[in-house]
Amino acid sequence: MPVPAAAPSTGCAAAGTFVITGRQEVPPMASTERAPRPGDTAPPPLPPPPGDAFAEALRAAIRARGLSLERLHARLDERGISVSLASLSNWQRGRCRPERTRSLHAVRALEQILGLPPGSLVALLGPPRPRGRWVRHVPGALPYREVCEVHGSVDRLLAQIGDPGDGGLDWLSCHERFQVGADRREVGVHTRLVLRARADGVDRHVALHHNERGLLPDVRRGAFCRLGRVRADPGEGVTAVELLFDRPLARGETCVVEYEFGYRDGGPLSTYYQRWFRFPAHEYLLQVHFDPAALPTRCYREWQPNVATPPATVAELRLSGWDTVHLAEVEVRPGVHGIRWEWD
């Protein structure tokens, strides 16, 4: 798809080379292990830090005990527990989390080695996330490569966040409000989702924002959820934000989350907004609101079944008396849905 003179923004219905993380990284400590001595006080209870609580608590415990990952690996090996150094590193950095039976056995051994209360680390993991092809297989679903041209960047960022439960949620409703300023630049987009769990244990959603000019949003807000890990690829202009539910959902249970991407000091010039739908959705509403000082001359609703197909104009949209245009659709097909506008 040709890049217009003004850069668009796209949202992704999911959910890099450069990573922005919402959590402080703690390097592995030198091997200065000291065995517990009589009279030592019990370690304080593990606080629930923001983001990945398990990774934060594990790093804090390793730091407190003065263990290197190599020494920790050796201590596990002495107990006949085989865990790779790469896995230990990924666990403490939040790049993945232990979920299989063998991995959970290793976590319980880590609690003993690190002098933590039994079950304290395991409790921070919560219930297992939905896994397997049966979760991924949603009728009509499309892979990222068919709905966005930056699918390589998206895949890398999602891999850094870990398994986001992709495909574990039905999309009942998606309402978006995209705002354009008096300078014809993007101000931001607010999204409200109503989701339903397809399986027990789904506890998050990953929201994505893309801008072709590579300008990353500097405003990220959430409501009815907590912001977790943030990953970004400035080269491709992709940002991924983990939205954590207040608790894991049971199968068939619904939840509402809201989030916002935006720019404090002026975003990129904008000529359209698109949303990538990998999965079918029951309802989609997109409103584009223009500043009265910068009203477009024409607006169009567009649709693409995939990014290899040029966008098709579905209809011309009339600007309302409130300086907005919108599209409303039910039984939304996977693909690219959006609104394009012309300034002159």
Does any non-hydrogen side-chain atom of L317 lie less than 4.5 Å from one of R298? no
Identify whether the distance between the nearest side-chain nitrogen and carboxylate oxygen of E260 and R220 falls below 4.0 Å. no
State the CG-CG distance between L208 and L157, to the nearest 0.5 angstrom. 7.5 Å
Search all heavy atoms of L216 against all heavy atoms of P234 and return the closest pair with its distance. CD1-CG, 3.7 Å
Minimal non-hydrogen separation, P305 against L142, with atom names: O-CD1, 3.6 Å
If you compare all heavy atoms of A328 against all heavy atoms of L285, which two are closest, and at what distance to 0.1 Å? CB-CD1, 4.2 Å
Mind checking whether Y259 and H205 have parallel, tilted or perpendicular rings, split at 30° and 60°? tilted
In the single-linkage hydrophobic clustering (I, L, V, M, F, W, Y; side-chain heavy atoms under 4.5 Å), do I62 and V122 co-cluster? yes
F277-F279 aromatic ring centre distance below 6.0 Å: no
Any salt bridge between R301 and E329, counting N to O under 4.0 Å? yes
Residue pair V257, F245: steps toward the side-chain contact (heavy atoms from CB on, under 4.5 Å) verdict: CA-CA 8 Å; V257 296; F245 307 155; 3.8 Å; yes
Heavy-atom check, side chain of V256 versus side chain of R192, under 4.5 Å: yes
Gap between atom CG of L286 and atom CD1 of I339 - 0.5 Å precision: 4.0 Å
Output yes when a side-chain donor or acceptor of E316 lies under 3.5 Å from a complementary backbone atom of C299, and no otherwise. no
In Å, rounded to the nearest 0.5 Å, how long is the span from CD of E242 to CZ of R229? 4.0 Å
Under 4.0 Å between a Lys/Arg side-chain N and an Asp/Glu carboxylate O for R156 and D233? yes
Counting C-beta onward and ignoring hydrogens, is there a side-chain heavy-atom pair between L327 and V314 closer than 4.5 Å? no
What class does the angle between the rings of F290 and W341 fall in, given that below 30° is parallel, 30 to 60° is tilted and above 60° is perpendicular? perpendicular
Quick check: closest heavy atoms across L114 and A61, and the distance to 0.1 Å? CD1-CB, 3.8 Å
Quick one, V107 and P98 - any side-chain contact, counting heavy atoms below 4.5 Å? yes
Is it the case that over 12 heavy atoms from other parts of the model lie below 6.0 angstrom from the CZ atom of R221? no
Ring centres of H289 and F178 under 6.0 Å apart? no
Salt-bridged, D246 to R204, with N to O below 4.0 Å? no
T313 side chain to E302 backbone, donor-acceptor under 3.5 Å: no
Testing L193, L195, T254 one by one against L172 for a side chain to side chain contact (heavy atoms under 4.5 Å, CB included), which residue passes? T254
Using a 6.0 Å cut-off, check whether atom CZ of R184 has over 12 heavy atoms from anything other than its own residue. yes
So R177 and V288, do their side chains get closer than 4.5 Å, heavy atoms only? no
Under the side-chain contact (heavy atoms from CB on, under 4.5 Å) rule, what do C148 and H210 come out as? Steps first, then yes or no, please. CA-CA 10 Å; C148 66; H210 172 232; over 6 Å; no
Are V241 and L243 close enough that some pair of their side-chain heavy atoms sits under 4.5 Å apart? yes
Begin with the C-alpha distance, continue with both residues' side-chain angles, and end with the deciding distance and a verdict on side-chain contact (heavy atoms from CB on, under 4.5 Å) for S153 and V238. CA-CA 7 Å; S153 176; V238 181; 3.7 Å; yes
Would a 4.5 Å heavy-atom cut-off, applied to side chains only, mark V219 and Y263 as touching? no
Do N306 and T309 pair up side chain to side chain, a donor and an acceptor below 3.5 Å, judged on atom types alone? yes
Does the pair R59/E56 count as a salt bridge with the N-to-O cut at 4.0 Å? yes
Strictly by modelled atom types, are E283 and S173 linked by a side-chain donor-acceptor pair under 3.5 Å? yes
E258 side chain to H190 side chain, donor-acceptor N/O pair below 3.5 angstrom: yes
P217 versus F261, closest heavy-atom pair with distance: CG-CD2, 3.8 Å
Is the closest basic N to carboxylate O distance between D170 and R198 below 4.0 Å? yes
Flag yes if V206 and V194 sit in one hydrophobic cluster, no otherwise; membership is Ile, Leu, Val, Met, Phe, Trp, Tyr, and two members link when side-chain heavy atoms are under 4.5 Å apart. no
Is R71 salt-bridged to E78, cutoff N-O under 4.0 Å? yes
Just so I know, are the side chains of D203 and L249 near enough to count as touching, which here means a heavy-atom distance under 4.5 Å? no
Value rounded to 0.5 Å, distance of CD1 in I81 from CG in D77: 9.5 Å
Specify the closest pair of heavy atoms between A240 and I161, including all atoms of both residues, with the distance to one decimal. CB-CD1, 4.0 Å
Could you tell me whether the side chains of E176 and Y273 share a donor-acceptor contact shorter than 3.5 Å? yes
Ignoring hydrogens and angles, tell me if any N or O in the side chain of H73 forms a donor-acceptor pair with the backbone of V83 under 3.5 Å. yes
Measuring from R185:CZ to L215:CG, what's the distance to the nearest 0.5 Å? 9.0 Å
Determine whether the side chains of Q274 and R340 contain a donor N or O and an acceptor N or O closer than 3.5 Å. no
Chi angles and distances behind the side-chain contact (heavy atoms from CB on, under 4.5 Å) call for E146, V307: CA-CA 6 Å; E146 293 195 28; V307 292; 5.7 Å; no
Is it the case that atom NE2 in H175 sees more than 12 heavy atoms from other parts of the structure closer than 6.0 Å? yes
Y144 ring centre to R278 NZ or CZ under 6.0 Å, with the angle to the axis within 45°? yes
Strictly under 6.0 Å, is that where the ring centroids of H151 and W276 end up? no
Does the distance from a Lys or Arg side-chain N to an Asp or Glu carboxylate O, for R247 and E253, drop under 4.0 Å? yes
Would R333 count as a cation-pi partner of W303, with NZ or CZ less than 6.0 Å from the six-membered ring centre and within 45° of the ring normal? yes
Sidechain-backbone polar pair: Q304 side chain, V336 backbone, donor-acceptor under 3.5 Å: no
Taking R264's backbone N and O only, do any of them form a donor-acceptor pair with D218's side chain (distance below 3.5 Å, no angle check)? yes
Let me confirm one number: the CG-OG distance from L76 to S84, rounded to the nearest 0.5 Å. 11.0 Å
Membership question, hydrophobic clusters at under 4.5 Å side-chain separation (ILVMFWY): are V325 and V187 in the same one? no
